[in-house]
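Chain A is the first sequence line, chain B the second, and so forth, proteins listed ahead of strands; every chain is numbered from 1. Only a predicted model underlies this, so the values are computations on that prediction, with no experimental measurement involved.
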Number of protein chains: 2
Amino acid sequence: MTLASDDEMLEVLRAEGKRITPQRSLLLRVLRDSDGHLDADEIYRRAREKDQRISLSTVYRNLNVLKELGLIIELHLDQEHHHYELRDTAEHHHLICSDCGRVVEFDSRLVGKLRDQISEEKDFLITRVHIDLVGLCSECRDESD
Amino acid sequence: MTLASDDEMLEVLRAEGKRITPQRSLLLRVLRDSDGHLDADEIYRRAREKDQRISLSTVYRNLNVLKELGLIIELHLDQEHHHYELRDTAEHHHLICSDCGRVVEFDSRLVGKLRDQISEEKDFLITRVHIDLVGLCSECRDESD
DNA sequence: GTACTTGCAAACTGTTTGCACATCA
DNA sequence: TGATGTGCAAACAGTTTGCAAGTAC
């Protein structure tokens with residue numbers, strides 16, 4: 001499902017003249033072991049569980065490096081801070097429960113259709129599509145009755 | 001195109017037990033006279049052109065009030081800070097040029113279809129849909145050739 | 001009159017940066 | 001060895017808040 005193994009990702013770093021440091025390997029591992037959409041602080045917390053010494057600024061710096069190399073994606077999930085996830089071959093979007101905060105990924109043919117339609121209508125070359133659907137998941141909906 | 005006139009919006013404030021202050025009227029006027037998607041600082045700048053004394057914290061406080069009353073919408077246009085616009089009867093989404101920053105609004109039948117499809121598939125009650133398409137507008141595309 | 005609102009300055013949060021030291025290649 | 005990366009603390013940007021004074025109703 002995911003673009004590349006950790007090794008392949010490390011290879012991208014090397015190819016771009018970036019060094020492979022224990023911190024970078026660790027961050028990639030944390031991201032891979034997660035279910036996606038972690039914020040910087042959560043990534044920092046999980047990384048520290050494995051290596052006490054990593055610093056928050058290193059986390060931020062490397063998230064930016066990985067983002068520039070296209071290995072991860074920065075999300076703006078209707079929150080005050082950013083979320084990050086490994087870049088995936090399968091484009092997907094997010095369905096967010098406004099009550100419990102749960103995030104579910106989805107995709108649909110309609111997304112590509114929409115993109116094509118608007119691209120033509122507005123004469124844009126569309127490179128990225130962000131879709132967030134916000135609502136109540138079935139559990140939270142039941143509770144609120 | 002827009003939900004209500006300024007007077008109607010002020011009426012909503014009154015109905016909620018909020019006071020109608022010159023600052024609030026001014027902010028609504030600034031939002032209405034704009035093309036949408038202004039950030040707080042720009043709103044502050046424009047408001048100050050009309051009334052020197054308004055403060056940035058008043059701007060923030062009132063944007064939050066208006067947001068809670070549903071009179072305006074807060075956007076997260078892939079930037080570090082928020083943008084605001086008057087709530088519109090016609091739901092619309094944003095097409096953003098990653099080069100010049102231009103923002104174009106759009107809507108499409110496909111959005112409702114997508115919403116219905118995912119709602120059913122994932123068993124969510126979907127209340128809000130945010131779509132940002134990012135790309136190059138025709139002018140920026142021509143320049144980059 | 002009084003609860004709500006304002007302006008100011010100070011606090012807060014998420015993120016970035018300068019610098020000296022450490023480290024990958 | 002030399003360029004890159006790290007940790008720390010300090011800076012920064014956007015936003016929120018405490019408080020005393022002002023104002024809508």
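For B/L13 and C/dC4, the CG to C1' distance is 12 Å, given to the nearest whole Å. The separation between B/Q52 atom CD and C/dG7 atom C1' is 14 Å, rounded to whole Å. Counting to the nearest Å, the P atom of C/dT13 and the OH atom of A/Y44 are 16 Å from each other. D/dA24 atom P lies 13 Å from atom CG of B/L10, rounded to whole Å. Across the protein-nucleic acid pair, B/E11 atom CD and D/dA24 atom P stand 17 Å apart, rounded to whole Å. Atom C1' of nucleotide C/dA25 and atom CZ of A/R14 are separated by 10 Å, given to the nearest angstrom. Residue B/L26 contributes atom CG, which lies 15 Å from atom C1' of C/dT5 at whole-angstrom precision.
For a distance-only test at 3.5 Å, the side chain of B/R19 fails to qualify as a donor-acceptor partner of the base of C/dT5.
With C/dT6, C/dA25, D/dT23 as the candidates, the nucleotide lying closest to the side chain of B/R24 is C/dT6.
For B/H130, there are no ring pair (Phe, Tyr, Trp, His ring centres under 6.0 Å) partners at least two apart in sequence or on another chain. Not a single ring pair (Phe, Tyr, Trp, His ring centres under 6.0 Å) links B/Y60 to another residue, sequence neighbours left out. Under the salt bridge (Lys or Arg N to Asp or Glu O under 4.0 Å) criterion, B/E120 pairs with no residue at all, not counting sequence neighbours. Scored by the salt bridge (Lys or Arg N to Asp or Glu O under 4.0 Å) test, A/R24 finds no partners at all (sequence neighbours excluded). In terms of the salt bridge (Lys or Arg N to Asp or Glu O under 4.0 Å) criterion, residue partners of B/E42 (sequence neighbours excluded) are, by chain and number, B/R45, B/R46. Checked against ring pair (Phe, Tyr, Trp, His ring centres under 6.0 Å), A/F106 has the following partners two or more places apart in sequence or in another chain: A/H93. Taking the salt bridge (Lys or Arg N to Asp or Glu O under 4.0 Å) definition, one finds that B/K67 meets it with B/E74, sequence neighbours left out.
Nearer the 5' end of DNA chain C, as judged by each residue's closest nucleotide, is the contact made by B/T21, out of B/T21 and A/P22.
B/T58 and B/Q23 form no side-chain donor-acceptor contact under 3.5 Å, judged by distance and modelled atom types alone.
With the end axes of the helix from C/dG1-D/dC25 to C/dA25-D/dT1 each set by five pairs, the angle from one to the other reads 40° at 10° resolution.
Here the rule is side-chain contact (heavy atoms from CB on, under 4.5 Å) with B/D39, and of B/H82, B/H83, B/E80 only B/H83 fits it.
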- Contact state string [nucleotides 7-20 of chain D, B base, S sugar-phosphate only, - no protein heavy atom under 4.0 Å]: BBB----SBBBB--
